K.L.:
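This is the structure I want to talk about, given as structure tokens.
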Amino acid sequence: MPLALLALAVGAFGIGTTEFVIMGLLPEVADDLHVSIPTAGHLVSAYALGVVIGAPLLAAVTARLSRRTVLIGLMALFVAGNVLSAFAANYDYLLAARFLSGLPHGAFFGVGAVVATTMVAPERKARSVSLMFLGLTVANVVGVPAATLMGQHLGWRATFLGVSVIGLAAIASLAFLIPHDHAHAPAVGLRREMAALKSLPVWLALGTTVAGFGALFSAYSYITPMLTDAAGFADGSVTLLLALFGVGATAGNLVGGRLADHSLRGTLFGGLLSLVVVLALFPVLMTTEWTAGLAVILLGVAAFVTGSPLQLMVMEKASAGPSLASSANQAAFNLANAGGAWIGGLALAAGFGATSPALAGAVLAVLGLGVATTAWGVDRRRGVSGSGRERLVATHVPEQARALHP
């Protein structure tokens, strides 16, 4: 795999860290800025809103620019947002800075996924995307706990300055490691990017993302009360268990990337089915501490096996203009985050028990399987192959990729 993928992973690590670290620092932020914790929780929503708006918007605006330039510019915007967060004078300024920090998130992953696939041979496209996403999953294992500790001991502002340093390292990596020739090939323009979004298969792929990852966030958003109320863990143990989720997510991401290079749709169906099974078993697994720990790991594995296949499915269906659709898929991930948490909360509020959000997630995963099956049926009617060693985005292999991977 090209070393340039490391630059994308570094950027993903910084983005993953700043997205999730705020959840562990809400008490410190609320106390310092003299707001309630629920009010401080709006900082999470502001970031997510930035992702949803920024992903398609920035991808569209930059459609004719060099992708290398776009990636560097997006990371510069990311650094600016985190620096402004660190120096925010009050809650309102911090809210605006968090929104700004979220704007480049989706477009970076969307454009980065397209760039990653242009640097490798066709049989390694899914693995190239999974290696970029590796930065995101490792952030949950290393970056978020380390940044949380930094914020608790040095103040929450130090955390955002630290994340800004990661962003600067990502800019340097992108500038030195992303080749100019790959970054320029091909720039298709806004009209073709927009035209790709008119395709029914693209929207079915996006719908699969919303339902599939909505299933994850329905359960994961309420994993702490499940672990403490149902499994009997002490509050202090939850941080370690969430790190186990990150370990499972990292493993699932790597496995999913490798399997998807052999069968994209088969990996997607298998991942969604395993997610249904894991979530349906949560009421049983959450009865003892060791099975609950196993459940957390399995949830990470099952959910993130589908990460690369879902990203690449969208890119495949929008092959004429993949950058905008790829970025829109990142917006879909964040819609899944918000929607899944809302549905899980409804189950919890209805009094169905501490593990009911997981069962609601299982229903969403079944819905995701239904959407994915519908997409498969549409492809069959259109004469598109749905099995075997599916290849993505383009069959053309860049000359440098041929040289690297004969």
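As the structure is a prediction and not an experimental result, all values here were calculated from the model.
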K.L.:
Evaluate the side-chain proximity of V51 to F333: yes if any heavy-atom separation is below 4.5 Å, no if none is.
P.N.:
no
K.L.:
Does anything in residues 37-69 form a ring pair (Phe, Tyr, Trp, His ring centres under 6.0 Å)? List the pairs, not counting sequence neighbours.
P.N.:
Y47-H105
K.L.:
Can you name the residues that form a side chain to side chain contact (heavy atoms under 4.5 Å, CB included) with L134, not counting sequence neighbours?
P.N.:
L131, T137, V138, T250, N253, L254
K.L.:
Hey, which of T306, N337, N334, L275 is the one that makes side chain to side chain contact (heavy atoms under 4.5 Å, CB included) with F213?
P.N.:
T306
K.L.:
Nearest heavy-atom pair of G353 and L348: which atoms, and what distance?
P.N.:
O-CD1, 3.3 Å
K.L.:
Using the side chain to side chain donor-acceptor pair (under 3.5 Å) rule, pick out the option among D32, D31, T148 that qualifies with W156.
P.N.:
D32
K.L.:
Hey, is CZ on R258 packed in by over 12 heavy atoms from elsewhere, all under 6.0 Å?
P.N.:
no
K.L.:
So how far is it from L77 CG to M75 CE, rounded to the nearest 0.5 Å?
P.N.:
10.0 Å
K.L.:
My understanding is that only residues two or more places apart in sequence, or in another chain, count here; which of them pass side chain to side chain contact (heavy atoms under 4.5 Å, CB included) with A358?
P.N.:
A219, M226, L279, F282
K.L.:
Could you list the residues that satisfy side chain to side chain contact (heavy atoms under 4.5 Å, CB included) with A243, not counting sequence neighbours?
P.N.:
none
K.L.:
Does any part of the side chain of M286, heavy atoms only, come nearer than 4.5 Å to the side chain of T355, both counted from C-beta?
P.N.:
yes
K.L.:
Run the ring-centre check on F304 versus F133 and record whether the distance is less than 6.0 Å.
P.N.:
no
K.L.:
Tell me which pairs pass ring pair (Phe, Tyr, Trp, His ring centres under 6.0 Å) where either residue lies in residues 58-101, with sequence neighbours left out.
P.N.:
none
K.L.:
Is there side-chain contact between F269 and T373, with heavy atoms separated by less than 4.5 Å?
P.N.:
yes
K.L.:
I need the minimum non-hydrogen distance between L285 and V278, along with the two atoms involved.
P.N.:
CD1-O, 4.5 Å
K.L.:
Working to the nearest 0.5 Å, report the span between CG of L177 and CG of L6.
P.N.:
6.5 Å
K.L.:
Would you say Y220's side chain and A215's backbone share a donor-acceptor pair under 3.5 angstrom?
P.N.:
no
K.L.:
Using the test side chain to side chain contact (heavy atoms under 4.5 Å, CB included), find all partners of A80 that sit at least two apart in sequence or belong to another chain.
P.N.:
none
K.L.:
How long is the gap from CE on M119 to OG on S128, to the nearest 0.5 Å?
P.N.:
7.0 Å
K.L.:
What closest approach, in Å, do L58 and A107 show between heavy atoms, and which atom pair accounts for it?
P.N.:
CB-CB, 4.0 Å
